[in-house]
Amino acid sequence: MVNVDEVVDKIVGVFSKFIDNDDIENGNRYLLASVETLIYEYMAGMMNSQELSEIARKLRDKIVEGPAYANPFIMEVLGILEEKVDEESINEALEKTRRLHMEERLDRLEV
């Protein structure tokens, strides 16, 4: 069993530190790595689909409330996981994270 609030608070806390230091690029790189790590933890059986979906929902909500500055494509990945967690959505989310890793910069905040 995963402590959803603890996971969310840690990720938002670290992301916020980067944003507070005007390091939007590394904040988004951290957020991307964290979301991808959560997906792999789910795939390894460390959490169930409901927990992953709840983490994604709470992360989106807390980031929108503040500190904001999240790359919209990372928020899209969270939206995919929030909606449902199954083989298809996991594959879609991982494909999007792979493409995001290839982006030169993640501090661009507009689509």
Side-chain angles (χ1 to χ4, degrees):
M1 184 113 204
V2 173
N3 184 328
V4 170
D5 291 327
E6 187 176 293
V7 170
V8 170
D9 289 345
K10 179 183 177 201
I11 293 170
V12 171
V14 174
F15 180 71
S16 295
K17 290 258 187 209
F18 281 111
I19 300 307
D20 290 346
N21 292 326
D22 292 323
D23 192 353
I24 296 169
E25 171 67 23
N26 281 323
N28 277 293
R29 293 264 172 219
Y30 169 77
L31 187 57
L32 176 60
S34 296
V35 171
E36 190 172 29
T37 297
L38 292 169
I39 294 169
Y40 285 114
E41 288 175 3
Y42 162 77
M43 291 171 63
M46 301 300 293
M47 70 179 74
N48 63 42
S49 60
Q50 181 180 346
E51 291 167 326
L52 179 55
S53 181
E54 186 176 353
I55 290 169
R57 180 182 53 78
K58 287 186 174 189
L59 270 174
R60 279 174 49 93
D61 290 348
K62 284 199 172 197
I63 290 169
V64 166
E65 288 173 13
Y69 296 105
N71 181 288
F73 296 109
I74 298 171
M75 296 297 277
E76 180 183 355
V77 172
L78 288 172
I80 291 166
L81 298 173
E82 178 183 357
E83 190 174 310
K84 71 177 174 178
V85 175
D86 60 13
E87 186 176 344
E88 183 180 327
S89 64
I90 290 295
N91 288 337
E92 181 181 1
L94 282 175
E95 179 58 32
K96 288 186 183 296
T97 62
R98 285 182 190 108
R99 281 190 258 137
L100 283 166
H101 279 296
M102 292 188 287
E103 290 293 319
E104 185 177 318
R105 297 184 60 185
L106 290 180
D107 59 350
R108 295 187 180 105
L109 302 177
E110 299 195 16
V111 176

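None of the values given here were measured: they were computed from a predicted structure.
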**Complete:** Rounding to 0.5 Å, atoms CZ (Arg29) and CZ (Arg105) come to a distance of 10.0 Å
**Message:** Closer than 3.5 angstrom, by distance alone: can the side chain of Ser53 be matched with the main-chain N or O of Lys84 as a donor-acceptor pair?
**Reply:** no
**Fill in**
When rounded to the nearest 0.5 Å, the distance separating CD1 of Ile39 from CD of Glu36 is 6.5 Å
**Request:** For the pair Leu31 and Ile63, evaluate side-chain contact (heavy atoms from CB on, under 4.5 Å) and give the outcome as yes or no after the intermediate values.
**Result:** CA-CA 10 Å; Leu31 187 57; Ile63 290 169; 3.7 Å; yes
**Asked** Looking only at atom types and distance, does a side-chain atom of Glu51 sit under 3.5 Å from a main-chain N or O of Asn48, one as donor and one as acceptor?
**Response** yes
**Message:** Check for me, please, whether Ile80 and Val35 land in the same ILVMFWY cluster - side-chain distances under 4.5 Å, paths through other members count.
**Reply:** no
**Asn28 (side chain) donor-acceptor with Tyr69 (main chain) under 3.5 angstrom** = yes
**Request:** Check the pair Leu38 / Leu81 against side-chain contact (heavy atoms from CB on, under 4.5 Å), numbers first and verdict last.
**Result:** CA-CA 10 Å; Leu38 292 169; Leu81 298 173; over 6 Å; no
**Asked** Can Tyr30 be reached from Phe73 by stepping across I, L, V, M, F, W or Y side chains whose heavy atoms are under 4.5 Å apart?
**Response** yes
**Asked** Going by an N to O cut-off under 4.0 Å, is there a salt bridge joining Lys10 and Glu6?
**Response** no
**From Met47, Gln50, Met46, Glu41, residue fulfilling side-chain contact (heavy atoms from CB on, under 4.5 Å) relative to Val2** = Met47
**Request:** Might you point out which heavy atoms bring Gly27 and Phe18 nearest each other, and give the distance in Å?
**Result:** CA-CB, 3.5 Å
**Item:** Sidechain N-carboxylate O distance under 4.0 Å for Lys17, Asp23
**Value:** no
**Complete:** Distance col, row Leu78:CG vs Leu59:CG, nearest 0.5 angstrom, shows 5.5 Å
**Message:** With a 4.5 Å cut-off on side-chain heavy atoms, are Ile90 and Leu52 touching?
**Reply:** yes
**Item:** Stepwise side-chain contact (heavy atoms from CB on, under 4.5 Å) test for Glu92 and Glu95
**Value:** CA-CA 5 Å; Glu92 181 181 1; Glu95 179 58 32; 5.8 Å; no
**Asp9 CG to Lys62 NZ distance, which is reported to the nearest 0.5 Å** = 4.0 Å
**Prompt:** Distance from Glu82 atom CD to Glu76 atom CD, nearest 0.5 Å?
**Reply:** 12.5 Å
**Item:** Asn71 CG to Ile24 CD1 distance, which is reported to the nearest 0.5 Å
**Value:** 11.0 Å
**Check: Arg60 side chain, Met75 main-chain N or O, donor-acceptor pair, under 3.5 Å** = yes
